[in-house]
Amino acid sequence: MSKVTMTKSRWIALLLGVVVCLSASAQTELKKVAPKRAALKELQLDTTKRLNREELPQQPVMLKEAPQQMQLTPVSDKVPTETVAPAPAPTRKKKQEAEQDSVSKRVRSRREVEPQPTTLPDTLTAPADTTSERYVYLLHADETRYNQRINPDAQILVGDVVFRHDSMYMYCDSALFYESSNSLDAYGNVRMHQGDTLHLYGDRLHYNGDEMLAKVRENVVMIDKQMTLTTDSLNYDRTLNLGYYFNWGTVEDTLNVLTSEWGEYDTQTSEAIFNYEVKLTNPNFVLTSDTLHYNTKTQIATIVGPSNIDSDKNNIYSTLGRYYTAEEHAELLNRSVLTNEDKRLVGDSIYYDRNNGYGEAFNNVVMDDFAGKTRLTGDYTYYNELTDSAYATQRAVAIDYSQGDSLFIHGDTLRMLTRFPDTDSVFRVVQAFRKVRIYREDVQAVCDSMVFNSLDSCMTMFYDPVVWNGPQQVLGEVIRVYMNDSTVEWAHVENQALIVEQVDSVNFNQISGREIKAYFKDGGIDKSDVIGNVLVVYYYTEVGDSIAYGMNTTEASLLTAYMKDRQVDKLVITDQSNGVFYPITQIPPGKDKLSNFAWLHKLRPMNKYDIMVWRGKDEDQKLKVVTRREVPLPTLKGILDKK
């Protein structure tokens, strides 16, 4: 018994010793870890406080909130009053609370998110750090829900929903927010605002924050400064600042309205591109095209495809050019065509000013007057539609095709004028200046200047004019040609008049006088009256033979020459004359040529292309300069003095 008690006492003493040792060791260890435990407890208290601060309110819900630098404004009252799109059906209350708790934990786990107040401040400003620009932030929603069974990745947001991505703010009535894919679907009264210039409205929106791409559908309206774009479907790429539609749309600014099947608009440059059935409507004209570029800031339409511009009296066709719709003038390329009633202007490039009523064409210009059956060509042409006048330079050619045979006129400058337009006394004037050359199959001419007046159908040639008709050559100081229905009726040669007809290679018939009146028939000279100081050199030939056997020289005051087959048939002298006949072998030297004789065949235009090559007279072939005094008109004083 005592032995057992002894044994128990020893075991108890041994256990007490062990306990004392362990207690001492534990106290030593506790002294070592006491500072760490205090720090851990302090960290735990701080963490608890943070979690308490970060607890999200039930209404309004603040999810994925912006950094603290952001100041927020309340939801604008400018939300369009449209029908709110139905949000997804809510779940049971308990499940909803559990889902909200789960969302809260997920939001707290994002280290970059800072707590936000439950009410919205007065202003909205962009965050200072660039890392936040990649995420779409939910700024406000009246209510948030989850449906793990139907759409587990989406936050269901209802009531005054506000998002922000970088500098773009998005508003809607309800939305599905996909936090994992940084995207959202918005419904009802959708609005997007970027700064104070770009505003985008619609009924539905899908926005991808990673691609910065907004897809707006139904009743879409984009407003950028003074431009308004309306369509049914619009994609807006924020990376490129580009909005584009693909199922018809309308762009309207302060001046023009543009519609097309496909179009895009650059909010940074205000440049729009339209394709397929493009129509630009202006109060003064309508532009239709297949492809058109338009700048809403400058209001310049750039034509890059087949286009027509129609107004009351004008039509412009072009495949490349610019039309300044505000100033109403155009710069057109690629053989554009300007049509004004019965006139048409074509050139490699055209400048047209609609307000001032004139157009300029450059290079390979063709201007047609269909009513007058005339054409004006050159490398530069100016046309004034208000005065119905035009002029051409640089390889200028005027063509009259009113008759079967066309008449070609070339000069350094050609001008067409209309006198007294819009009246019963209207008539046309055609002027040609410097190095004028004329060609038609039956008549050719050269001179320094020419004027044609439709009032009396007279074409007047000045300064060393020469006219050829078949084998005859006519020259003088001034030649007036009178026409009837574009055919020559008669001609009047004034001062130093000379008719030369080639008989053979060395002999020429010659008639000179103060003036000559030549009458035409069937396109050739039928009869000529030579008046004053008539001198004649005439060769006689056998009938049917062109070899001359004699020559006659005659002096008279009046002579009539009759032509047959475009050759002199007979001469009739109706006044006293002196004449001498010389056999062909006994002609004295110098008698076979008149003092003013000149055979200018080298100047003669040989075809319509030859009129472009100027060949002038030699010095010894030019007409003499004659100074004539004007006859003084009688005065009343002179008449009384004579009495």
Side-chain angles (χ1 to χ4, degrees), residues 342-344 346 365-378 381 389-418 427-476 478-493 518-526 566 600-601 603-615:
D342 55 0
K343 297 176 180 61
R344 183 178 66 185
V346 183
V365 181
V366 178
M367 179 178 174
D368 286 301
D369 182 349
F370 298 109
K373 295 184 178 181
T374 58
R375 170 174 288 185
L376 190 63
T377 67
T381 299
S389 60
Y391 71 86
T393 62
Q394 303 174 25
R395 298 173 57 240
V397 176
I399 305 171
D400 180 284
Y401 53 92
S402 57
Q403 297 300 310
D405 191 15
S406 298
L407 175 68
F408 298 85
I409 303 173
H410 166 70
D412 288 352
T413 302
L414 299 180
R415 182 182 297 171
M416 293 183 178
L417 307 173
T418 301
F427 64 93
R428 300 293 298 272
V429 176
V430 179
Q431 300 173 334
F433 301 100
R434 305 294 179 268
K435 300 180 179 180
V436 178
R437 292 171 66 79
I438 302 170
Y439 176 83
R440 194 165 72 178
E441 190 173 347
D442 59 338
V443 62
Q444 301 83 41
V446 296
C447 61
D448 182 74
S449 301
M450 183 216 74
V451 176
F452 173 76
N453 190 329
S454 66
L455 185 63
D456 54 6
S457 299
C458 178
M459 181 173 66
T460 305
M461 291 174 279
F462 302 94
Y463 306 108
D464 286 333
V466 183
V467 177
W468 292 269
N469 178 247
Q472 286 91 32
Q473 169 192 287
V474 181
L475 58 88
V478 177
I479 299 178
R480 304 180 192 274
V481 179
Y482 295 87
M483 300 183 181
N484 184 13
D485 294 331
S486 299
T487 60
V488 179
E489 192 171 60
W490 69 286
H492 187 193
V493 185
Y519 302 91
F520 289 74
K521 183 178 180 181
D522 298 329
I525 299 176
D526 181 60
R566 298 193 177 186
L600 305 172
H601 183 73
L603 307 183
R604 186 174 188 173
M606 305 309 295
N607 51 56
K608 63 181 180 181
Y609 306 106
D610 194 35
I611 62 175
M612 306 301 295
V613 181
W614 173 254
R615 297 184 291 272

Practice task
For side chain to side chain contact (heavy atoms under 4.5 Å, CB included), just list the numbers for Val443 and Phe520, CA-CA rounded to whole Å, side-chain angles, deciding distance to a tenth of an Å, and then say yes or no.
Solution key: CA-CA 11 Å; Val443 62; Phe520 289 74; 5.8 Å; no
With side chain to side chain contact (heavy atoms under 4.5 Å, CB included) as the criterion, how do Val481 and Met461 come out once you've worked through the C-alpha distance, each side chain's angles and the decisive distance to 0.1 Å? CA-CA 8 Å; Val481 179; Met461 291 174 279; 3.9 Å; yes
Could you walk me through whether Arg428 and Thr374 pass side chain to side chain contact (heavy atoms under 4.5 Å, CB included), step by step? CA-CA 12 Å; Arg428 300 293 298 272; Thr374 58; 5.6 Å; no
Nearest heavy-atom neighbours spanning [X] and [Y]:
{"X": "Trp468", "Y": "Leu600", "value": "CZ2-O, 3.0 Å"}
{"X": "Ile409", "Y": "Ala432", "value": "CG2-CB, 4.4 Å"}
{"X": "Ala518", "Y": "Ile525", "value": "CB-CG2, 4.3 Å"}
{"X": "Asp368", "Y": "Tyr401", "value": "OD1-OH, 4.3 Å"}
{"X": "Phe452", "Y": "Ser457", "value": "CE1-C, 3.8 Å"}
{"X": "Ala445", "Y": "Pro605", "value": "O-CG, 4.0 Å"}

Find the distance between [atom1] ([X]) and [atom2] ([Y]) and round it off to the nearest 0.5 Å.
{"X": "Cys458", "Y": "Met483", "atom1": "SG", "atom2": "CE", "result": "8.5 Å"}
{"X": "Met367", "Y": "Thr381", "atom1": "CE", "atom2": "OG1", "result": "8.0 Å"}
{"X": "Ile479", "Y": "Phe462", "atom1": "CD1", "atom2": "CZ", "result": "11.5 Å"}
{"X": "Leu407", "Y": "Gln444", "atom1": "CG", "atom2": "CD", "result": "10.0 Å"}
{"X": "Glu489", "Y": "Tyr519", "atom1": "CD", "atom2": "OH", "result": "10.0 Å"}
{"X": "Gln431", "Y": "Tyr391", "atom1": "CD", "atom2": "OH", "result": "13.0 Å"}

### Heavy-atom donor-acceptor pair, Arg344 side chain to Val366 backbone, under 3.5 Å
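Flag not set: sc Arg344 to bb Val366 has no pair under 3.5 Å.
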Problem - Test item: Asn607 side-chain N/O and Tyr609 main-chain N/O as donor-acceptor pair under 3.5 Å - result: yes
Beyond-backbone contact of [X] with [Y], side-chain heavy atoms, under 4.5 angstrom:
{"X": "Gln473", "Y": "His601", "result": "no"}
{"X": "Asp448", "Y": "Asp464", "result": "no"}
{"X": "Gln394", "Y": "Val365", "result": "no"}
{"X": "Met416", "Y": "Ser389", "result": "no"}
{"X": "Val478", "Y": "Thr460", "result": "yes"}

Can you confirm whether more than 12 heavy atoms, excluding those of Arg604, are under 6.0 Å from its CZ atom? yes
field: Whether Tyr439 and Phe408 hold their rings parallel, tilted or perpendicular, with breakpoints at 30° and 60°
entry: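 Ring orientation of Tyr439 relative to Phe408: tilted.
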Ion pair Arg440/Asp400, N-O distance below 4.0 Å: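 Salt bridge absent between Arg440 and Asp400.
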### Message
What I want to find out is whether Lys435 reaches Asp412 closely enough, with some N-O distance under 4.0 Å, to be called a salt bridge.
### Response
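Result for this pair is no, no salt bridge flagged.
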Asp369 and Arg375: salt bridge (charged side-chain N to carboxylate O under 4.0 Å, His left out), yes or no, with the steps?
CA-CA 6 Å; Asp369 182 349; Arg375 170 174 288 185; over 6 Å; no
(Q) My understanding is that only one of Asp610, Ile399, Val613, Ile611 makes a side-chain contact (heavy atoms from CB on, under 4.5 Å) with His410; could you say which? (A)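 Exactly one option meets the side-chain contact (heavy atoms from CB on, under 4.5 Å) with His410, and it is Ile611.
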